[in-house]
Q: 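I'd like to ask some things about the structure below.
Worth knowing before you read on, the calculation uses all heavy atoms, side chains too, and leaves out hydrogens, waters and symmetry mates.
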Amino acid sequence: MLSKKTKYAIKALMVLGRNYGNEPMQIVKIAQEENIPKKFLEQILLEMRNAGILYSKKGAGGGYSLNKAPEDVFLSQVMRLIDGPIALLPCVSLNFYRSCDECTQEHACGIRDTFVEVRNAMLQILNDTSIAHLINKEKELNLNVD
């Protein structure tokens with residue numbers, strides 16, 4: 001399940017993506033726009049700044065902005081940064097691999113083999129989905145509602 005922290009990170013990135021190319025946004029404005037607790041958002045934005053996804057400017061006119069175009073920020077990157085592994089089992093994780101304690105024959109495990117397929121399908125979607133894609137998807141969905 002997607003953590004609340006990751007969901008908030010994605011929502012904040014979408015706000016910043018819509019604002020891309022403009023002045024940095026203050027945390028308070030982002031928090032209000034997406035109904036995210038300010039203190040929690042501060043931690044999330046700091047993590048993303050430290051990872052190079054965001055740029056921050058202090059002082060008057062300061063705030064946060066995307067460090068790269070919304071087309072270049074992908075869900076897989078954000079999810080790994082905030083929550084760690086994307087895979088549902090540690091033995092199928094590409095970046096956070098761990099063997100399962102109870103497993104004696106990993107190469108012959110039907111559960112593992114199935115969840116490798118699940119991981120691959122999920123990664124394909126997450127690697128192909130950028131913040132720009134989500135922003136455009138949201139616009140399309142709003143057009144269909146009216």
Q: Would you compute the distance between atom CG of Asn127 and atom CG of Leu75 and round it to the nearest 0.5 angstrom?
A: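 Atom-to-atom, Asn127:CG and Leu75:CG are 9.5 Å apart.
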
Q: Return the minimal non-hydrogen interatomic distance between Phe74 and Asp128, and the atom names on each side.
A: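 Where Phe74 meets Asp128 most closely, the heavy atoms are CD2-C, 4.2 Å.
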
Q: Could you measure the distance from the CD1 atom of Ile53 to the CD atom of Gln77? Nearest 0.5 Å is fine.
A: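 One gets 4.0 Å once the value is rounded to the nearest 0.5 Å.
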
Q: Side chains of Cys91 and Tyr97: closer than 4.5 Å at any heavy-atom pair?
A: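 Side-chain contact under 4.5 Å: yes.
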
Q: To the nearest 0.5 Å, tell me how far Ile135 CD1 sits from His133 NE2.
A: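 Going from the CD1 atom of Ile135 to the NE2 atom of His133 covers 11.0 Å.
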
Q: Under the 3.5 angstrom rule, does the side chain of Arg119 hit a backbone N or O of Val92 as a donor-acceptor pair?
A: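 Such a contact is found between Arg119 side chain and Val92 backbone.
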
Q: Find the distance between CD1 (Ile36) and CG (Leu41) and round it off to the nearest 0.5 Å.
A: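 CG of Leu41 is found 5.0 Å from CD1 of Ile36.
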
Q: Once rounded to the nearest 0.5 Å, what's the spacing between atom CG of Leu13 and atom OG of Ser130?
A: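 Interatomic distance, Leu13 CG to Ser130 OG, rounded to 0.5 Å: 11.0 Å.
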
Q: Quick one: are Ser99 and Glu106 in side-chain contact, heavy atoms under 4.5 Å?
A: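 The answer is yes; the side chains approach within 4.5 Å.
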
Q: Going only through I, L, V, M, F, W and Y residues with side-chain contacts under 4.5 Å, is there a path from Leu2 to Leu89?
A: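 Leu2 does not cluster with Leu89.
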
Q: Where do Tyr64 and Arg49 come nearest, in terms of heavy atoms and distance?
A: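 Reported closest heavy-atom pair: CE2-CB, 4.0 Å.
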
Q: Strictly distance-based, threshold 3.5 Å: is any side-chain N or O of Asn19 a donor or acceptor partner for the main-chain N or O of Glu23?
A: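 Yes: the side chain of Asn19 pairs with the backbone of Glu23.
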
Q: Between Lys7, Arg18, Lys29, Lys4, which is the residue that forms a salt bridge (charged side-chain N to carboxylate O under 4.0 Å, His left out) with Glu34?
A: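 Testing Glu34 for a salt bridge (charged side-chain N to carboxylate O under 4.0 Å, His left out) against Lys7, Arg18, Lys29, Lys4 leaves exactly one candidate, Arg18.
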
Q: Taking atom CD of Glu42 as the centre, does the number of heavy atoms from other residues, nucleotides or ligands within less than 6.0 Å exceed 12?
A: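 More than 12 heavy atoms, drawn from other residues, nucleotides or ligands, come within 6.0 Å of this atom.
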
Q: Closest heavy-atom contact between Leu45 and Ile30?
A: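 Shortest heavy-atom contact: CD1-CD1, 4.3 Å.
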
Q: Between the main-chain N or O of Cys109 and the side-chain N or O of Asp113, is there a donor-acceptor pair closer than 3.5 Å?
A: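 No, the answer is negative, given that no donor and acceptor are paired below the 3.5 Å cut-off.
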
Q: Looking only at non-hydrogen atoms, find the nearest pair between Tyr8 and Ile44 and report the distance.
A: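 Of all heavy-atom pairs spanning Tyr8 and Ile44, the closest is CB-CD1, 3.7 Å.
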
Q: So for atom CD1, which belongs to Ile111, do other residues, nucleotides or ligands contribute more than 12 heavy atoms lying within a distance under 6.0 Å?
A: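 Counting neighbours around CD1 of Ile111, 12 or fewer heavy atoms of other residues, nucleotides or ligands fall under 6.0 Å, so no.
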
Q: What do you reckon, is CG of Asn35 surrounded by more than 12 foreign heavy atoms closer than 6.0 Å?
A: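 For Asn35, atom CG is not crowded (no more than 12 foreign heavy atoms under 6.0 Å).
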
Q: Is the closest side-chain heavy-atom distance between Val116 and Arg112 below 4.5 Å?
A: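 They are in side-chain contact.
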
Q: List the atom of Ile82, the atom of Ala9, and the distance in Å for their closest heavy-atom pair.
A: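 What the structure gives for the nearest pair is CG1-CB, 4.0 Å.
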
Q: Can you tell me which residue among Leu66, Leu46, Asn67 is in a side-chain contact (heavy atoms from CB on, under 4.5 Å) with Leu54?
A: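 Per the side-chain contact (heavy atoms from CB on, under 4.5 Å) rule, the option paired with Leu54 is Leu66, out of Leu66, Leu46, Asn67.
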
Q: How far does CG of Leu134 sit from NZ of Lys139, to the nearest 0.5 angstrom?
A: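 These two atoms lie 12.0 Å from each other.
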
Q: Testing the basics here: between Tyr20 and Lys68, what is the closest heavy-atom pair and its distance to 0.1 Å?
A: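 That would be CE1-O, 3.4 Å.
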
